[in-house]
Amino acid sequence: MSEVFNGYERQYCELSANLSKKCSSAVALDGDPLFTANLLSISCVHEIQLIVSCLFAEQKKQKLSEIKSGLENAEALIRKMDLEARSLPPNIKSSLLVKLREFKSDLNNFKTEVKRITSANLNAAARDELLEAGMADTKTASADQRSRLMMSTERLGRTTDRVKDSRRVMMETEDIGVSILQDLHSQRQSLLRAGDTLSGVDDNIGKSKKILTGMTRRMNKNKWTIGAIITALVAAIILILYFKLT
């Protein structure tokens, strides 16, 4: 098991627990300011509603900002774990990729929860705007103005969804690019190993050629030596026969 992957995993688990707490805190801020306002005198209902709504909205906005920052860090950790897992041997990589899919599923659940909280926050913001309009002139608030406000909220929600979809496609494209780069790296390593093997074969062939050349030279030398010995013996025999016959 990779120590680097384990380090990333511990960081992700800590970040996931922190995100879970922050999501719970953000959901808890969905209290109804109208209920709080009804506890006070009727003459200041609108003012209290606005104050409580603004307080809740500001706290929730801060929580959502922290959660989104945590989600970005979690996505970065998952990308790092993916790179580390794909660089390991196949027997280790398969188990780590299964664990990585679980982390991605967990992250998607967080994103869904944030989307739900954000949608609730948008509805609360729309309600606050309606309260402000009512404080300015309650009797002049018309159905057309509220309709336009709701249409603006819906358009904002659709725009947010499109931005999130575009970001998701970008992340998927990045993951595919990382996988391709890993495959190319593996193929490059294979080619380098094949080149080293061929170099070793060439070296062995060169050594064998030198050995054969040396053996050939020794054989030729031995042939000349044997020929000289035979010639000397024949000359000696001829001389002996000559002296004996004379």
Side-chain angles (χ1 to χ4, degrees), residues 1-17 69-108 111 165-246:
M1 186 69 69
S2 171
E3 290 296 328
V4 176
F5 187 94
N6 287 338
Y8 291 150
E9 183 180 1
R10 285 193 295 270
Q11 294 179 32
Y12 178 81
C13 290
E14 293 174 359
L15 186 57
S16 177
S69 178
L71 288 176
E72 292 176 357
N73 293 334
E75 289 177 347
L77 284 173
I78 285 179
R79 288 198 298 273
K80 292 178 180 178
M81 285 189 284
D82 187 72
L83 287 172
E84 180 64 20
R86 293 181 185 278
S87 66
L88 296 174
N91 58 337
I92 300 177
K93 178 171 67 175
S94 58
S95 61
L96 295 183
L97 289 179
V98 171
K99 186 178 294 186
L100 195 59
R101 282 195 292 271
E102 295 176 358
F103 290 159
K104 289 181 178 179
S105 177
D106 182 59
L107 184 61
N108 288 331
K111 290 180 179 179
D165 290 339
S166 299
R167 184 172 183 179
R168 178 180 55 80
V169 172
M170 181 185 69
M171 296 298 297
E172 291 176 353
T173 304
E174 182 179 353
D175 291 339
I176 294 172
V178 169
S179 299
I180 292 173
L181 288 176
Q182 290 295 328
D183 293 338
L184 290 175
H185 179 71
S186 299
Q187 293 176 6
R188 181 176 179 271
Q189 293 298 325
S190 300
L191 291 174
L192 290 175
R193 287 194 295 270
D196 292 339
T197 303
L198 289 175
S199 297
V201 171
D202 289 337
D203 292 338
N204 292 333
I205 291 174
K207 291 178 181 178
S208 300
K209 186 176 180 181
K210 290 180 180 179
I211 292 171
L212 291 174
T213 302
M215 292 175 64
T216 302
R217 289 177 179 175
R218 285 195 296 271
M219 288 176 62
N220 291 332
K221 184 178 180 181
N222 292 336
K223 286 167 65 176
W224 284 106
T225 303
I226 292 171
I229 294 171
I230 292 173
T231 301
L233 290 174
V234 170
I237 292 171
I238 292 172
L239 288 174
I240 293 170
L241 292 174
Y242 175 76
F243 287 114
K244 284 185 177 182
L245 293 175
T246 58

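One is the number of the first residue; the rest follow in order along the sequence. Computed from heavy atoms alone, side chains included, the values below leave out hydrogens, waters and symmetry copies. Here the structure is a predicted model, which is why all the values come from computation and not from measurement.
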- Message: Would you say that Arg79 contacts Met171 through its side chain, given a criterion of any heavy-atom pair below 4.5 Å between the two side chains?
- Response: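 Result yes, sub-4.5 Å side-chain heavy-atom pair found.
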- Does Glu102 have any side-chain hydrogen bond (donor to acceptor under 3.5 Å, both in side chains) partners at least two apart in sequence or in another chain, and if so, which?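 Testing Glu102 for side-chain hydrogen bond (donor to acceptor under 3.5 Å, both in side chains), a comparison that skips the adjacent residues, returns none.
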- Going through the distances and angles, do Glu75 and Lys111 end up as a salt bridge (charged side-chain N to carboxylate O under 4.0 Å, His left out)? CA-CA 11 Å; Glu75 289 177 347; Lys111 290 180 179 179; 2.6 Å; yes
Could you give the distance from [atom1] ([X]) to [atom2] ([Y]), rounded to the nearest 0.5 Å?
X	Y	atom1	atom2	value
Ile176	Leu181	CD1	CG	12.0 Å
Asn91	Leu96	CG	CG	9.5 Å
Ile78	Asp175	CD1	CG	9.5 Å
Lys104	Asp82	NZ	CG	5.0 Å
Ile226	Thr231	CD1	OG1	11.5 Å
Ser16	Glu9	OG	CD	11.5 Å

Heavy-atom pair of closest approach, residues [X] and [Y]:
X	Y	answer
Leu88	Lys93	O-CB, 4.0 Å
Gly70	Leu15	O-CD2, 3.4 Å
Leu77	Tyr8	CD2-CD2, 4.1 Å

- Message: Looking at Asp203 and Lys207, is there a salt bridge between them, counting it only when a charged N and a carboxylate O are closer than 4.0 Å?
- Response: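 Answer for the salt bridge query: no.
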- Below 4.0 angstrom, N of the basic side chain to O of the carboxylate: do Lys80 and Glu84 qualify?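 No.
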- Task: Could you check Leu83 against Gln182 for side-chain contact (heavy atoms from CB on, under 4.5 Å), going step by step and ending with a plain yes or no?
- Result: CA-CA 8 Å; Leu83 287 172; Gln182 290 295 328; 3.8 Å; yes
- Message: Would the distance check show the side chain of Ser105 and the main-chain N or O of Arg101 forming a donor-acceptor pair, the cut-off being under 3.5 Å?
- Response: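 The answer is no, because no donor-acceptor pair under 3.5 Å joins these two groups.
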- Answer with yes or no whether the side chains of Asp106 and Tyr12 bring together a donor and an acceptor at under 3.5 Å.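 On atom types as modelled, these side chains qualify, holding a pair under 3.5 Å.
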Under 3.5 Å, sequence neighbours excluded: what are the donor-acceptor pairs made by side chains of residues 213-221?
residue : atom : partner : partner atom : Å
Thr213  : OG1  : Lys209  : O            : 2.8
Thr216  : OG1  : Leu212  : O            : 2.8
Asn220  : ND2  : Thr216  : O            : 3.3

- Task: Tell me, with the steps shown, if Arg10 and Glu14 meet salt bridge (charged side-chain N to carboxylate O under 4.0 Å, His left out).
- Result: CA-CA 6 Å; Arg10 285 193 295 270; Glu14 293 174 359; over 6 Å; no
